[in-house]
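All remarks here apply to the structure that follows.
Below, each value reflects all heavy atoms present in this structure, side chains not excepted, and no hydrogens, waters or symmetry copies. Every value quoted in this text rests on a predicted model; they were computed, and no experiment measured them.
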Amino acid sequence: MRLTADQEVTGSNLNASRPRSSQAGLAVTRSRALDHQRNLKTTNLASRWTHLAMMFQRLFLLQSFLLFSLTTATAKRLNTIPRLSPIGPRVWRDQPDKTTLCCGPRDEEGFETCFYNQTLDHFNYRPESYDTFRQRYVINSEHWAGANASILVYLGAEAPINGYRDAAGFLHDNAVKFKSLSHRYYGESNPFGSMGEALNNASKRGYFNSAQALADYAAIIIHIKNTLRAQYSPVIVIGGSYGGMLASWFRLKYPHIALGALASSAPVLYFDDITPHDAYYSVVTKEFREASETCYQTIKTSWSEIDEVASEQGGLSELSKKFNTCSPLKSCSELKDYLRLMYVYTAQYNRPPRNRVNDVCKGIDDGGLGDGILSRIFGGVVAYYGNLSCYVNTLTDPAAAGGWAWQRCTEMAMPLDVGNNSMFQPNPFDWKDYIERCKNLYGVPPRPHWVTTYYGGHDLKLILQRFGSNIIFSNGLRDPYSSGGVLNNISDSIVAVTTVNGSHCLDIQRANQSSDPCWLVMQRKKEVEIIDGWIDQYYEDLHVLKDPFLIIRGGKKVDAVVSGYRDQVLHSGEGPIHAVKWRTSLIAWANDAGVKVYDAANDRRITFIERPRGSPRPELLLPHLVWQDDTLLVIGWGMSVKIASIRANQQKGANGTYRDVPVSSMNQVDIVASFQTSYYISGIAPFGDSLVVLAYIPVEEDGEKEFSSTISSRLGNAQRPEVRVVTWNNDELATDALPVHGFEHYKAKDYSLAHAPFSGSSYAGGQWAAGDEPLYYIVSPKDVVIAKPRDAEDHIAWLLEHGWHEKALAAVEAGQGRSELVDEVGSRYLDHLIVERKYAEAASLCSKLLRGSAPAWERWVFHFAHLRQLPVLVPYMPTENPRLRDTAYEVALVALATNPSFHKDLLSTVKSWPPLIYSALPVISAIEPQLNTSSMTDALKEALAELYVIDGQYEKAFSLFADLMKPDIFDFIEKHSLHDTIREKVVQLMLLDCKRTVPLLIQNKDLISPPEVVSQLLTASNKCDSRYFLHLYLHALFGANPHAGKDFHDMQVELYADYDLKMLLPFLRSSQHYTLEKAYDICVKRGLLREQVFILGRMGNSKKALAIIINKLGDIEEAVEFVTMQHDDELWEELIKQCLHKPEMVGVLLEHTVGNLDPLYIVNMVPNGLEIPRLRDRLVKIITDYRTETSLRHGCNDILKADCVNLLVKYYKEARRAICLSNEEDARAKRDGSRDSQAVGRTTSARTMEVKSKTRGETRCCMCFDPFSIRDVSVVTFFCCHAYHMSCLMDSMHTVSSRKGSGATSGMSEYDSTDEDDENEETVSGVPRLRCILCTTAAS
């Protein structure tokens, strides 16, 4: 994206150090030199880049680049959006445009500038739609390779076409042909003269949009292909940033024109809220924060600092001076926008070898220009731009104003805002404000949903994984715009190529051989390989659909007859043609001079191979030609064999790079194999990856003389011809002598070899598919011998005979031969490996060779055991399908147990084998003698424990697990209820996990007593750990039962002092079982003052304890509390004496003695002249507290007296109530109307039973003194414990009543007058109330 005229700036000469070279473009024919180049050892980045460049040569038969330039700009106030451009911003220098106005001579890089008459409106049919304008494009055609070659098209972004040659550096470095076109309305491709004129006219700027631009590209590409007669040339479009978006959209909209697209740093998902609005600035913030935390904090703080300075009078002038601006600042926003864009461009274009973010942060953190925040920020500005005469409001490109702003205000509506977690000032994206600004500028609102409607974006994977293909989305994750890019593969052909340290469009920039990191080289290499695959597949498809059918004829000339066309003479005038062979478009023939290869597709001869020196003349022994495949030609001539490989011809470009061309343009040959034979070659043919040679064995004494005459030998001493199978290195694979009649008299030229061609795909692994075996015909004057590959069993037998057991096994496994051969071959193979002492290899093959045969497995188990090599077989022994006898498994385990090298294997085997397949006892018996010996390893001990578990001997297993410190031993204890076995393993369990051991010991303290636990821990070797474990155990034991470990409380005092000091005092207060003197000594040694105070208090030495509190702790409040708890007046005297000479303590003492001691007593004892701090306030507080206390005491006394009176009255009333007991003990009183029955009902059953118990036995009546047991009458009992016969009580009551009626005593009257409630109760029912006579009389 463009900035406004006062915003677009960056460091000068960003690419000044990069060497300039012509734009790359054309590829050449394939060549073996490429493979040679790949095999070279690379020692630096330059050589690796050369390798990458060589790979790129393979990409194209034609690398014709079309660079569509997009020179863009923005309008005022739309400048806060970082530019979408593959190259960083530049400081504008006012320079004239040197571009020619028409196709003219090439510049120093080989480019020609041309113009195309472009249609104004591709989507309407109004008269003005057919207007045209001149659209500019640039082409480098010095390496054009011919029709139907590949074309690369670069779709630029927002810069003049010349500036984008650097952005297309990826193509510069990897090809040698280049074409570029400019985007409409930018540069010289403006339909209406200038950008300003176009944008100021509402009717003219409507043609300015991406859809029209894509249609422009399509029209120009078709025009160029027609001009070059390259209708079948595949086109790859490449673009970066906005151009990357156009490239991907072009592939989707025009798949019939573009075969594929490379979209570098294309934020196609930053539309329509697909990507969070603050994602861009979050990436920038993350990059700065990772570089330096202090730099991040300084930048974050600087915004408020700028606002604060600007708000002051003369603040803008101060900021202008601080930042050395080119002109005075008009607002602080001008500076903040400048800094914000500097930071985002630093992150967006952070490219190796320099790390611009680190440079800026170093300038900020170093503080070389001052320690203030703004001085540090200016240091970052200088670090980024270098030393310039002025900063901030520099000149920008005058032609860059308006273009991108128009696109932003129409279809490219990308919402970028600054969130709260950023190092920038929060700035939410406001759609309403954005729409209003666009309306003010151009009179139209933006269409925020149009890009996703027209090109797509939502659910991209769901849509494109079946609809689209052949797009590379490349992104560097340090690029803030990568947050809106495609970062995951959509399908096999729409792929995402990402790099962690990459930045904006870095992969398509010009390479720097000395500084490009390996990851960048590999990224470009991967992109090249993907595009290479697209183009190769295209040419394969084109080959199937478009290649013509040829007929080749020999004789004294070579004719090529193309179906439907006239004959064409390919060669003549060099004598007779002795052999001719054709494959695809390649034709090879041999004459007297040698072998020539011709490319019919390109109508030219590829190469010439001379006749081998010393070979017989062709009329005496013919040469033999055969195509092994589409690119390998085998030549057999005399006693020489040569194999020629047709490779891609590599042409070197102007910048030192290479390029390839497709198969149809192959024009060079490499001799990849050549060897001499000891026989003459009468025929040669392919045999899979080898050769079949018909060999004529020369007679030693004849030598060359036999070729001097065409007359058959009459000596009859010729040898039998042989068919030999040899490799390219002349290694003999097979030899067979032919049963030919009359061979004694034949010469080499009397034999010939022919073969029936076969499908190369049917040959795999040294064998042919059924029904597709090749046939070879050996022809002699009297015989025709038909040869074919041996059958499977012959082949297998031959392989075994020659010791190639592995190949024989492979043949058997491939289904060749009878199934019975598997066992035979397997057994022989194993025997062979055993003889060769390759025991491990033999063991690894047993699973495959013995398969499901249990007897065979057992036989080999015991055979390996006999050889003392059974441990290597154990990992491969089956435990099911088949399952062997238990003896076999036991022998195997014993073999592992008796060899210390395999103890770990024994453990893994015991754990993996099912326990049901063997008996553990024989193995245990073999291991137990090794206990406590040097051969006993931890692995063997653990294996023994596992065997004990299998055999049910859990106690023994526990003992071993405890020694091994196995973490899961606690679960083992719970699972098998082994709590009684932990008695001897306390220390081990504690060392393993004391947190689980302590609760286990506490829960089972009945099984293992505390003395046993303590004894084991005290005798442990590691005293430090054992004391800590002892502390944990005793602490938990004390919490569970304070008396369970009383014998160890003295020890526990010291342990608390060592490990848990805060728990010592609570322990001292809770326990009664420790020795006070010992505890006191421990506390004295460790200087534990409060603990000393407590112990002294318990020992009765209160004065010494008080002295510690006052003199060492200095806490008078604690001293007062201590003395109060002791209830000792002498201690108060001691406290007062020790405080009298300490004024502050006297003051505190006065405050806290209210309620404990008379303050006047303390005041009287204070020496005269002693200055007590805050005495007045304290005296006021004492008096106030004293009055309050006195008032509370009086109130409490009054309440206490009232409560006592009420309780006495209540007691008195309760004591006067009676209970009537009849002869039936549990019957209730039957006097329903009497009040005594009501009293009985209200009395609790407990009290009734108590009275009953007292009236039992020898209790006597208080009137007649007879025991209640001798008279059968009812008894009345009172709560005063007096009891009467009912009759005696009633008689006495009548007597008392009569006396009362006659006015007996004044005392009784007085009593009755005070008991008005009782008198009232008596008259309720009209029945006199029963009363205790003795108590009534006494009261009277």
Side-chain angles (χ1 to χ4, degrees), residues 688 690 725 731-736 764-770 773 789-899 901-902 905-906 908-909 912-914 917-918 922:
S690 306
V725 180
D731 296 329
E732 184 179 314
L733 302 180
T735 302
D736 287 292
Q767 296 299 316
W768 284 267
E773 301 90 346
R790 299 173 185 264
D791 62 21
E793 295 189 13
D794 290 339
H795 177 61
I796 293 169
W798 185 85
L799 291 172
L800 292 174
E801 181 182 349
H802 287 75
W804 292 350
H805 297 84
E806 188 173 357
K807 291 185 177 180
L809 179 62
V812 174
E813 290 179 338
Q816 304 173 19
R818 295 172 288 108
S819 58
E820 293 81 2
L821 285 175
V822 176
D823 296 335
E824 180 184 349
V825 172
S827 180
R828 291 183 61 178
Y829 192 10
L830 291 177
D831 287 335
H832 166 73
L833 293 174
I834 295 297
V835 171
E836 296 290 330
R837 297 181 180 273
K838 298 179 179 179
Y839 303 113
E841 186 178 353
S844 65
L845 290 172
C846 283
S847 299
K848 180 166 60 175
L849 302 180
L850 304 181
R851 297 180 295 175
S853 174
W857 267 106
E858 292 172 359
R859 183 172 67 253
W860 280 102
V861 166
F862 291 110
H863 186 47
F864 271 83
H866 176 71
L867 297 171
R868 298 182 181 275
Q869 298 296 327
L870 186 54
V872 300
L873 180 63
V874 172
Y876 306 101
M877 290 178 61
T879 57
E880 59 180 0
N881 299 325
R883 175 175 170 179
L884 313 183
R885 288 180 295 172
D886 54 357
T887 307
Y889 299 113
E890 293 162 7
V891 169
L893 293 175
V894 170
L896 294 175
T898 54
N899 190 333
S901 301
F902 294 97
D905 297 325
L906 172 65
S908 61
T909 303
S912 60
W913 278 4
I917 65 175
Y918 63 92

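In terms of the salt bridge (Lys or Arg N to Asp or Glu O under 4.0 Å) criterion, residue partners of Asp736 (sequence neighbours excluded) are, by chain and number, Arg790.
Scanning all heavy atoms of the two residues, the minimum distance from Met877 to Ala888 falls at CE-O, 4.0 Å. Closest approach of Leu830 and Ala842 over heavy atoms only: CD2-O, 3.4 Å. Nearest heavy atom pair, residue His863 against residue Ile834, reads NE2-CG2, 4.3 Å. Here the closest non-hydrogen pair linking Leu873 and Trp860 is CD2-O, 4.0 Å. Heavy-atom minimum distance, Ala895 versus Pro871: O-CG, 4.1 Å. Across all non-hydrogen atoms, the minimal contact from Tyr889 to Pro878 is OH-O, 2.6 Å.
Atom CD of Glu732 sits about 12.0 Å away from atom OG of Ser690, to the nearest 0.5 Å. Between atom CG of residue Leu833 and atom CD of residue Glu806 there is a gap of 9.0 Å, rounded to the nearest 0.5 Å. Note that the OG atom of Ser844 and the CG atom of Leu849 stand 9.0 Å from one another [nearest 0.5 Å]. A distance of 8.5 Å separates OH in Tyr876 from CG in Leu845, rounded to the nearest 0.5 Å. From Thr879, atom OG1 reaches atom OH of Tyr918 across 11.0 Å, with rounding to the nearest 0.5 Å. Atoms NE2 and CD, from His832 and Glu841 in turn, are 8.0 Å apart once rounded to the nearest 0.5 Å.
Among the candidates Thr909, Thr898, Leu870, the single residue satisfying the side-chain contact (heavy atoms from CB on, under 4.5 Å) test with Leu893 is Thr909.
In this structure the side chain of Val891 never reaches within 4.5 angstrom of the side chain of Phe864, judged on heavy atoms.
Within the 3.5 Å criterion, the main-chain N or O of Pro922 finds no donor-acceptor partner in the side chain of Glu890.
The aromatic rings of His805 and Tyr829 lie parallel to each other, their planes meeting at an angle below 30°, with 60° marking the opposite boundary.
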